[in-house]
Amino acid sequence: MTNPISEKVIEDILTSDKSIISDVISVHHSDLSLIARQKIVSSGKLDMLYLYKDEMLLIELKVVPFYAEIINQINNYEVDLTELQKQNKLIKSKIRKIILVTGAKPNDYRICTERNIVILIYKPEDILSKYYENFKELSAFLKIQSGDYGVVRLGLIKSTLIYLGEGIELKEICRIENKSEKTIRNKISIAQLLGLVNKFKNNFYLTDLGNEFVRMGENIIDDRLNDEQVELLSNSIKENPFFSSVTYSIFSLIETVFVLSKNAYPVSKDALVDYFVKLVGKTETWRTEKARDTATYIFSNYACELQFLVKVNNEFYLTPKGIQAILLLQLNRSIKLIESKK
């Protein structure tokens with residue numbers, strides 16, 4: 001048994017997203033303006049009243065198939081609006097009556113046509129889906145795609161950044177580190193997605209953040225981040241968790257631990273994998289168990305290196321920095337959502 005769909009929810013969508021109502025009633029959205037919603041008139045409250053070019057559209061919305069009583073209802077609203085026009089309380093333009101329903105029979109169309117009423121059929125689920133798709137287009141962070149580059153720990157990028165900072169060419173870095181070009185490029189890609197490296201034409205160079213990161217390492221070539229580097233990187237990504245797919249994935253991993261902690265704490269690695277993959281929308285990309293495990297392993301390593309999490313015996317704990325990261329993530333997400341609806 002499915003729960004009934006609220007008429008108010010569909011009306012909320014239609015009145016907040018002009019492109020959807022335009023599609024439903026087959027008009028161009030740029031010529032459509034909302035005059036009133038749930039306007040109180042003598043015979044009740046009409047659902048929606050729009051101005052389209054030189055006419056008003058009186059729209060009655062139902063989340064059920066057509067039934068005869070709707071005709072009297074919309075006709076009464078028309079009489080009320082006409083009276084308001086006579087009193088100069090409403091613009092004097094032609095009124096077109098439209099009924100939105102989930103289904104209708106051929107005879108229903110005939111009856112309504114005789115009364116100058118247009119019946120239009122819609123599917124509530126289409127309205128709901130379209131609203132999300134439009135919202136997603138406006139909300140950039142919902143479109144960020146996770147990806148791993150085979151770099152299992154952030155500390156492994158240190159040596160490459162030191163050499164880049166010294167102006168050494170990519171091929172020479174490959175020779176010095178005795179690594180393939182693909183491996184070095186993957187390390188540089190991670191550094192780019194952390195804001196440490198930029199690319200100009202075919203050359204890579206350190207950003208201000210990257211230079212600071214290298215300076216804090218005192219040119220010591222090892223594969224561990226020191227406390228200063230951890231603080232620098234963690235603060236940088238906390239300020240903008242949606243900077244890139246890597247920062248987004250790190251925060252998603254932390255959020256996964258936070259959400260799952262409500263059921264059991266500490267959070268096991270097995271519980272982490274399934275939820276994390278779903279949260280970042282990669283169920284169709286990371287299909288094999290190995291791919292899921294590897295991606296979760298990599299991003300959990302990043303989160304632990306930056307001291308957002310602590311891993312003990314294959315179980316994960318949130319740190320104070322991790323809790324702060326979650327709060328900042330929620331704040332940034334709220335700000336992004338508000339901005340997308342302006």
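- Between atom CG of residue Leu156 and atom CG of residue Asn186 there is a gap of 11.5 Å, rounded to the nearest 0.5 Å.
- Counting only heavy atoms from C-beta outward, the side chains of Leu328 and Pro241 never approach each other to under 4.5 Å.
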Please tabulate, for side-chain N and O atoms in residues 205-214, each donor-acceptor pair with protein atoms closer than 3.5 Å (sequence neighbours left out).
from, atom 1, to, atom 2, distance (Å)
Thr207, OG1, Gly195, O, 2.7
Thr207, OG1, Leu196, O, 3.2
Thr207, OG1, Leu209, N, 3.4
Thr207, OG1, Gly210, N, 3.0
Asn211, ND2, Thr207, O, 3.2
Glu212, OE1, Arg215, NE, 3.3
Glu212, OE2, Arg215, NH2, 2.8

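- Side-chain N/O atoms of Ser159 and Glu177 include a donor and acceptor closer than 3.5 Å.
- The closest side-chain heavy-atom distance from Met48 to Thr15 is below 4.5 Å.
- In terms of heavy-atom proximity, Lys62 sits nearest to Tyr122 at O-OH, 2.7 Å.
- Salt-bridge annotation for Lys45 and Asp80: absent, with no side-chain N of the basic residue lying under 4.0 Å from a carboxylate O of the acidic one.
- The neighbour count for Tyr275 OH, taken as heavy atoms of other residues, nucleotides or ligands under 6.0 Å away, does not exceed 12.
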Practice problem: Take Leu272 and Leu253 through the test side chain to side chain contact (heavy atoms under 4.5 Å, CB included) and record every step on the way to the result. | Solution: CA-CA 8 Å; Leu272 193 69; Leu253 196 290; 4.0 Å; yes

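- Side-chain atoms of Asn313 do not come within 3.5 Å of backbone N or O of Glu315 as any donor-acceptor pair.
- Of the possible donor and acceptor atoms, one in the side chain of Thr247 sits under 3.5 Å from a partner among the backbone N and O of Ser244.
- Applying side-chain contact (heavy atoms from CB on, under 4.5 Å) to Tyr50 and the options Ile59, Ile35, Asp31, Ile25 leaves one that passes, Ile59.
- Looking only at side-chain heavy atoms (C-beta outward), Ser93 and Asp54 stay at 4.5 Å or farther from each other.
- Residues Ile74 and Ile121 share a hydrophobic cluster, clusters being chains of Ile/Leu/Val/Met/Phe/Trp/Tyr side chains in contact below 4.5 Å.
- Residues Val259 and Val267 have side chains not in contact (no heavy-atom distance under 4.5 Å, counting atoms from C-beta outward).
- Atom CZ of Phe204 is separated from atom CD of Gln192 by 5.0 Å, given to the nearest 0.5 angstrom.
- Ring orientation note: the planes of Phe251 and Phe308 are tilted relative to one another, at an angle of 30° to 60°.
- Heavy-atom minimum distance, Glu78 versus Ile95: O-CD1, 4.3 Å.
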Quiz item: Passes side chain to side chain contact (heavy atoms under 4.5 Å, CB included), Phe316 versus Ser261? Steps please.
Solution: CA-CA 9 Å; Phe316 294 87; Ser261 67; over 6 Å; no

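- Atom CD of Gln38 is surrounded by more than 12 heavy atoms from other residues, nucleotides or ligands within 6.0 Å.
- The side-chain heavy atoms of Gln229 and Asn226, taken from C-beta on, include a pair separated by under 4.5 Å.
- Note that CG of Leu225 is 6.0 Å distant from CG of Leu154, once rounded to the nearest 0.5 Å.
- Using a distance-only test at 3.5 Å, with no hydrogens or angles considered, a donor-acceptor pair links the side chain of Arg153 to the main chain of Asp223.
- Taking each heavy atom of Ser22 and Leu32 in turn, the nearest pair found is OG-CD2, 3.6 Å.
- A side chain to side chain donor-acceptor pair (under 3.5 Å) with Asn88 holds for exactly one of Gln85, Lys86, Lys92; it is Lys92.
- Judged by distance alone, the side chain of Ser236 and the main-chain N or O of Leu233 form no donor-acceptor pair under 3.5 Å.
- Shown here is Asn107, whose CG atom has more than 12 heavy atoms of other residues, nucleotides or ligands within 6.0 Å.
- In the hydrophobic cluster analysis, where Ile, Leu, Val, Met, Phe, Trp and Tyr join through side-chain heavy atoms closer than 4.5 angstrom, Met216 is grouped together with Tyr302.
- Side-chain atoms of Asn301 and Lys311 include no donor-acceptor pair closer than 3.5 Å.
- Note on Arg175 versus Glu172: salt bridge recorded, some NZ/NE/NH1/NH2 to OD/OE distance being below 4.0 Å.
- For the atom pair Leu61 CG and Glu7 CD, the distance stands at 4.5 Å (nearest 0.5 Å).
- The shortest side-chain heavy-atom distance between Phe258 and Leu327 does not fall under the 4.5 Å cut-off.
- Two different hydrophobic clusters hold Val41 and Leu57 under the rule that ILVMFWY side chains link at heavy-atom gaps under 4.5 Å.
- Under a 3.5 Å cut-off, the side chain of Lys187 and the backbone N or O of Val151 do not form any donor-acceptor pair.
- Listed by first and then second residue, the salt bridge (Lys or Arg N to Asp or Glu O under 4.0 Å) pairs involving residues 229-239 are Glu231-Lys321 (not counting sequence neighbours).
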Exercise. Check the pair Leu34, Ile21 against side chain to side chain contact (heavy atoms under 4.5 Å, CB included), reporting the backbone distance first and the verdict last.
Key: CA-CA 10 Å; Leu34 180 66; Ile21 183 67; over 6 Å; no

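- Scanning all heavy atoms of the two residues, the minimum distance from Ala325 to Ile254 falls at CB-CD1, 4.4 Å.
- Remark: Asn76 pairs with no residue by the side-chain hydrogen bond (donor to acceptor under 3.5 Å, both in side chains) rule, at least two apart or across chains.
- Transitive grouping of hydrophobic side chains (ILVMFWY, heavy atoms separated by less than 4.5 Å) brings Ile237 and Ile188 into a common cluster.
- When the side chains of ILVMFWY residues are joined at heavy-atom separations under 4.5 Å, either directly or via intervening members, Ile111 and Tyr67 end up in a single hydrophobic cluster.
- In this structure, Asp17 CG and His29 NE2 are separated by 9.5 Å, a value rounded to the nearest 0.5 Å.
- Atom CD1 of Ile99 sits about 4.5 Å away from atom CD1 of Ile117, to the nearest 0.5 Å.
- Applying the 6.0 Å contact sphere to CD of Glu114 captures more than 12 heavy atoms from other residues, nucleotides or ligands.
- Taking every heavy atom of both residues into account, Phe299 and Phe276 meet most closely at CD1-CZ, 3.9 Å.
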Exercise. Go through Glu60 and Leu58 one step at a time and tell me if the side chain to side chain contact (heavy atoms under 4.5 Å, CB included) criterion holds.
Key: CA-CA 7 Å; Glu60 186 60 25; Leu58 170 57; 5.8 Å; no

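- Between Lys179 and Ile173 there is no side-chain heavy-atom pair separated by less than 4.5 Å.
- Counting only heavy atoms from C-beta outward, the side chains of Cys112 and Phe66 approach each other to under 4.5 Å.
- Across all non-hydrogen atoms, the minimal contact from Leu279 to Glu255 is CD2-OE1, 3.8 Å.
- Judged by distance alone, with hydrogens and angles left aside, the side-chain atoms of Asp47 form no donor-acceptor pair with the main-chain N or O of Glu11 at under 3.5 Å.
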